[in-house]
Amino acid sequence: MSDMTHFQSFSNRNQLASYLAKEVAEDLRQGINLHGAASLVVSGGSTPKPFFEALKQEALPWEKVWITLADERWVDADHPDSNEKLVRESLLPEGAHFVGLKNSAATPAEGAAEASNAVENMPHPFDVVVLGMGDDGHTASLFPKAPELADAIAPDAPMAMGITPPSYAPHPRITLSLSTLLNTRRLVVHITGEAKQKIFEHACDPGTTVEDLPIRAVLCQDAIPVEVYWAA
Ligand code: 6PG
């Protein structure tokens, strides 16, 4: 593991969610105090819901906060698998600005430039990025062996890129690129369960590659500290 990675274990998932919500709220407050506005990147999937529900309760001048997604499935915003739908229903507090990644283009590759522009207009660097991780070691939509993976982790990648996930993951995806995700004042990886803890422990082993476990590109870099929040 890189010296920049700090692992924090919680006694249960709800305790983790409340603690993370308080930390993120405090970071957003500081961002607003220092810069007049703050930005937050969140992930989809099933893990973040309790964190979203706790964060939504925080008293903040939400009209000064911009929220976007680390990645999105290329489905309409009312589709059950849409990350935007999850954020709108579980997190989005009144007044907060939401920047979605899905647009009217037919494919994520065709919609990526518009999504990049939208994200570029948010306050940068981000105040907080909260990533998840899949059981295959993907994070955001940086999937193992995706044909676009090398381009998405390149330092000069555009902010958002279309990704073709492996056949076990539904829907074409759009993802923020690695350099975009790392351009943040605080980076948290929020994971739960024993299987993900094992992946975390082995992500930086010699012989493991980013193509096998893309989370390695987040955990084993020394540009920015990473906090891993875990509960069984
Ligand atoms: C997505 C996510 C993705 C997620 C992991 C973990 O849209 O799928 O943003 O990167 O963080 O797949 O998902 P779970 O929390 O459901 O395990």
Donor-acceptor pair, [X] side chain versus [Y] backbone, under 3.5 Å?
X    : Y    : result
T5   : V226 : no
D127 : S39  : yes
H124 : V119 : yes
N12  : Q15  : yes
S177 : I153 : no
T184 : L187 : no
Q221 : A223 : yes

>> Closer than 4.0 angstrom, basic N to acidic O: yes or no for E26 and K22?
In response: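 Salt bridge flag = no for K22 with E26.
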> Got a salt bridge between R186 and E227, using NZ or NE/NH1/NH2 to carboxylate O under 4.0 Å?
Replying inline: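 Result for this pair is yes, salt bridge flagged.
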Are the side chains of [X] and [Y] in touch, meaning some heavy atoms are under 4.5 Å apart?
X    : Y    : answer
Y19  : F10  : yes
E120 : N117 : yes
V129 : V188 : no
H171 : D81  : yes
I67  : V99  : no
L28  : W62  : yes
M161 : D151 : yes
V42  : L91  : yes

> Does the pair V128 and V130 meet the rule for a side-chain contact (heavy atoms from CB on, under 4.5 Å), with working shown?
Replying inline: CA-CA 6 Å; V128 195; V130 183; 4.0 Å; yes
To the nearest 0.5 angstrom, please state how far the [atom1] atom of [X] sits from the [atom2] atom of [Y].
X    : Y    : atom1 : atom2 : value
E211 : K145 : CD    : NZ    : 7.5 Å
M133 : L213 : CE    : CG    : 8.0 Å
L181 : S43  : CG    : OG    : 8.0 Å
I174 : L101 : CD1   : CG    : 5.5 Å
L86  : R73  : CG    : CZ    : 9.0 Å
E84  : D78  : CD    : CG    : 9.5 Å

>> Within the 3.5 Å criterion, strictly below it, is a donor on D212 or T209 matched to an acceptor on the partner's side chain?
In response: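 Judged by distance alone, the side chains do pair up.
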> Should the pair F7 and F200 be assigned to parallel (<30°), tilted (30 to 60°) or perpendicular (>60°) ring geometry?
Replying inline: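 Answer is parallel, since the angle falls under 30°.
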> Which class fits the ring pair W66 and H97: parallel under 30°, tilted 30 to 60°, perpendicular over 60°?
Replying inline: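 It falls in the parallel class, under 30°.
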>> Is it the case that over 12 heavy atoms from other parts of the model lie below 6.0 angstrom from the NZ atom of K196?
In response: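 Buried by this count: over 12 neighbours within 6.0 Å.
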> When you look at NZ of K49, are more than 12 heavy atoms from neighbouring residues, nucleotides or ligands closer to it than 6.0 Å?
Replying inline: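 Not more than 12 within 6.0 Å, no.
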>> Can you give me the closest heavy-atom contact between S116 and M159, atom names plus distance?
In response: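 Heavy atoms of S116 and M159 come nearest at OG-N, 3.6 Å.
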> Hey, mind stepping through E194 and K198 against salt bridge (charged side-chain N to carboxylate O under 4.0 Å, His left out) and telling me if it holds?
Replying inline: CA-CA 6 Å; E194 310 288 339; K198 287 208 165 60; 5.1 Å; no
In terms of hydrophobic clustering (I, L, V, M, F, W, Y; side-chain heavy atoms under 4.5 Å; direct or indirect links), are [X] and [Y] co-clustered?
X    : Y    : value
V75  : F98  : no
L69  : L55  : yes
L149 : I163 : no
L40  : L182 : yes
V87  : L20  : yes

> Out of T175, T164, D71, which one pairs with S141 under the side-chain hydrogen bond (donor to acceptor under 3.5 Å, both in side chains) rule?
Replying inline: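 Output: one option passes, namely D71.
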> Does K102 make a cation-pi contact with W74 (under 6.0 Å, within 45 degrees of the axis)?
Replying inline: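 Relative to the ring axis of W74, which defines the angle, K102 lies inside both limits.
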> Between H79 and D76, is a side-chain hydrogen bond (donor to acceptor under 3.5 Å, both in side chains) present by the stated rule, with each step listed?
Replying inline: CA-CA 5 Å; H79 189 285; D76 288 339; over 6 Å; no
